[in-house]
Enquirer: 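This is the structure I want to talk about, given as structure tokens.
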Amino acid sequence: MASVVVAFELGGRPVEVLVSPLATLQQVLRTQLGHTSVKDGCRQGGCGSCTVLLDGEPVLSCLLPVEDVAGRRVTTLEDLTPVDGLTTVQRAFLDANGFQCGYCTPGMELVTKALLERNPAPTRADIAEALSGNVCRCTGYVPIIAAVEAAAAAGSAAAVVASEGATR
Amino acid sequence: MTAQYHVVGESLERTDGVAHVTGRTLYTADLAFPGMLHLKVVRSPLHHALIRGVDLSAAERVPGFVRALTHADVPHNVYTILGLIGVEPEEEFVLPVDRVRYKGEPIVAILAETEAAAYEAVGKVQLDLEELPAVFDMDEALAPGAPIVTHWGNNTFMYEGHPCRRVRYGDVEAGFAQADHILEGEYRTSPIEHAPLETTGCIAVPEAGRFTVYTNTQAVYFSLDNTSIILGLQPNRLRFIGGTVGGGFGGKVDVIVEPLATLGAMRTGRPVRYVYNRQEEMQVSSTRSAETIRIKDGVMADGTIVARKVTGLADCGAYSRQTPYAITKFAANATGPYRIPNVWVDAYCVYTNRTPTSAMRGFGVTMGHFAIEVQMDKIAERCGIDPWTVRFRNAHRNGDVKPHRKVTSDATLIETMQAAARLVGHGLPPELAAMTSAPRTEWEGER
Ligand code: FES
Ligand code: FES
């Protein structure tokens, strides 16, 4: 089977890649586009380490043939990290030590971002449900859940500041 | 006073924290080098078999196939990881010559231009194997007539000529004769896979006159030295670069991927990547060993243990890796943090046709403590004494001699239990609340 060109949006920029048939989005992001924050824990949909956002929703890039994202919007942690400083979610993970080895962290943070956009004040049960597809072998999850709670709190504080700014 | 402390009591940001939360940390498998080849191995589908033949002809025709590595390519093909600290004999094959001893044992390595080509070629290697009877249970492996896994004729690691690590201290039979109660228990644990989220792997890169190996090993010099022995290279021709380990828990201290990847780089002159997939990580990487622990305790009516006889078995699988060392630790810890004046331990490292076992978090000690602490609760129950009291009465104090003749100088069990009781709001009787780890007075020392 011949290679094909697939075009999609990556971090707000258009990309075109020549891919072999059946290549997964994970493979293409990691080996052709240098987005190594997309991890490779299992390639079978079992760990969540390869999570990316597809049109804003978390998906497992190891299960997605890259042809399926043609014309769509893909976001990885590389695309979200500011030049200086950290996002609210990253800051919360850093401050709460929501990681040990760090291998699950990019996936955890992307799931968190999508959760907080959908539900800015999640309960612990909401958080556990959102993270249920992401495996962490190091932390025992407690500090990760604390990080998500801290990110939610920081996000709502920021929203208050923003709305106060708007009314002024 | 607090001003002199800058770290203790502070919550400090980790030096690698920003890299982790931004996803910029580079793990071994995130690296790539121009011209990099992919190494995958052909694994035994049988638990125990003679290798009659390996036919590579169909594999060689796969587009992208570069070359195969067989046992004939390995300069020093039989090794033992702990050889570096004097453990003998060498017993594990990098690539076995005529016999496989566990399911998943590598037989031939394939180097190919792409990972897909490597997998395809692996699938096309024809193996001619003759299945042998296999043994998976330690008691069966020790029984007469069992299939023999090792090359020296029995299924135990030999400790200075003995089939087990032995501890002899005092007179256990006299202790049992004096005891008010005899309590026996058998405890079994299962193998446990570390299952790190990042799988084991390395990339070996040839450079002028030497090889740089990027690896997620937990033991970088250990890996370098063993690779140097296996490949017959002076250590100064190897440069090992460790990095962030994406979860290890002891599972990344074996030296399995680096020798083959470096050999591939030697034979091809190109960078070689050898990274386990998830299935390999779960099925062929070492696990914690299965254990069977049989304990017989002689106990006085007040809960004091006066004699303990232990037989411990650890299943090292087909090759012993770090398990002989685990067994030595087990033998030294068979009384736990408790003073017992008469002790007899036989601890075996038993070979079976299961996946080789190795290090994992407190290996050798952890499962011993599981058995010992359950035994302590049974002693409390039998004597009709509170489980805290039984532990305080038997706790090591400074100056107590352990069965392997080490004098206790850092006893903290009593103080730790007192702190634990406070934390969980458990009131201790005055007798226990007043105890300390200070050396026993002369009359306390008498039993
Ligand atoms: S790598 Fe995609 S779910 Fe594990
Ligand atoms: S921090 Fe290691 S897997 Fe989560």
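Letters A, B, ... mirror the listed sequences (proteins, then strands); counts begin at 1.
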Enquirer: Looking at Phe240(B) versus Tyr214(B), is the centre-to-centre ring distance below 6.0 Å?
Expert: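 Ring-ring flag for Phe240(B)/Tyr214(B): false, centres at least 6.0 Å apart.
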Enquirer: Look up atom CD1 in Ile144(A) and atom CG in Asn97(A), then write down how far apart they are to the nearest 0.5 Å.
Expert: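 Atom-to-atom, Ile144(A):CD1 and Asn97(A):CG are 11.0 Å apart.
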Enquirer: Please, which pairs that meet ring-ring contact (aromatic ring centres under 6.0 Å, His included) have at least one residue in residues 11-32 of chain B, sequence neighbours excluded?
Expert: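 Of all non-adjacent pairs touching residues 11-32 of chain B, those that pass ring-ring contact (aromatic ring centres under 6.0 Å, His included) are Phe99(A)-His20(B), Tyr103(A)-Tyr27(B).
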Enquirer: Hey, which residues of residues 54-83 of chain A are touching chain B, say heavy atoms under 4.5 Å apart?
Expert: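 At a heavy-atom separation under 4.5 Å, chain B is reached by Leu77(A), Thr81(A), Pro82(A).
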Enquirer: Rounded at 0.5 Å granularity, tell me how far CE in Met36(B) sits from CZ in Arg270(B).
Expert: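 Reported value, rounded in 0.5 Å steps: 10.5 Å.
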Enquirer: Would you mind checking which part of Glu109(A) comes under 4.5 Å of any heavy atom in chain B, side chain (CB onward), backbone (N, CA, C, O), both or neither?
Expert: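 The side chain, not the backbone.
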Enquirer: At a heavy-atom separation under 4.5 Å, does Leu94(A) approach chain B through its side chain, its backbone, both, or neither?
Expert: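 Both parts, backbone and side chain.
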Enquirer: According to side-chain contact (heavy atoms from CB on, under 4.5 Å), who are the partners of Val245(B), at least two apart in sequence or on a separate chain?
Expert: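 For Val245(B), the residues satisfying side-chain contact (heavy atoms from CB on, under 4.5 Å) (neighbours in sequence not counted) are Glu198(B), Gln218(B), Lys252(B).
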Enquirer: Counting only non-hydrogen atoms closer than 4.5 Å, does Thr244(B) touch chain A with its backbone (N, CA, C, O), its side chain (CB onward), both, or neither?
Expert: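 For Thr244(B), the contact with chain A is made by the side chain alone.
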Enquirer: If you apply the rule side-chain hydrogen bond (donor to acceptor under 3.5 Å, both in side chains), what do you find for Gln100(A) with Thr139(A), and how did you get there?
Expert: CA-CA 6 Å; Gln100(A) 280 181 32; Thr139(A) 62; 5.9 Å; no
Enquirer: Which residues, numbered in order, of residues 275-291 of chain B come under 4.5 angstrom of chain A by heavy-atom distance?
Expert: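 Within residues 275-291 of chain B, the residues that come under 4.5 Å of chain A (heavy atoms only) are Arg278(B).
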Enquirer: Could you tell me the separation between the OG1 atom of Thr200(B) and the NE2 atom of His194(B), rounded to the nearest 0.5 Å?
Expert: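 If we round to the nearest 0.5 Å, Thr200(B):OG1 and His194(B):NE2 are 9.0 Å apart.
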Enquirer: Which region of Ala29(B), side chain (C-beta onward) or backbone (N, CA, C, O), has a non-hydrogen atom less than 4.5 Å from a non-hydrogen atom of chain A, or is it both or neither?
Expert: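 The answer is both parts of Ala29(B).
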Enquirer: Just by distance, do the side chain of Gln26(A) and the backbone of Lys39(A) share a donor-acceptor pair under 3.5 Å?
Expert: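 Present.
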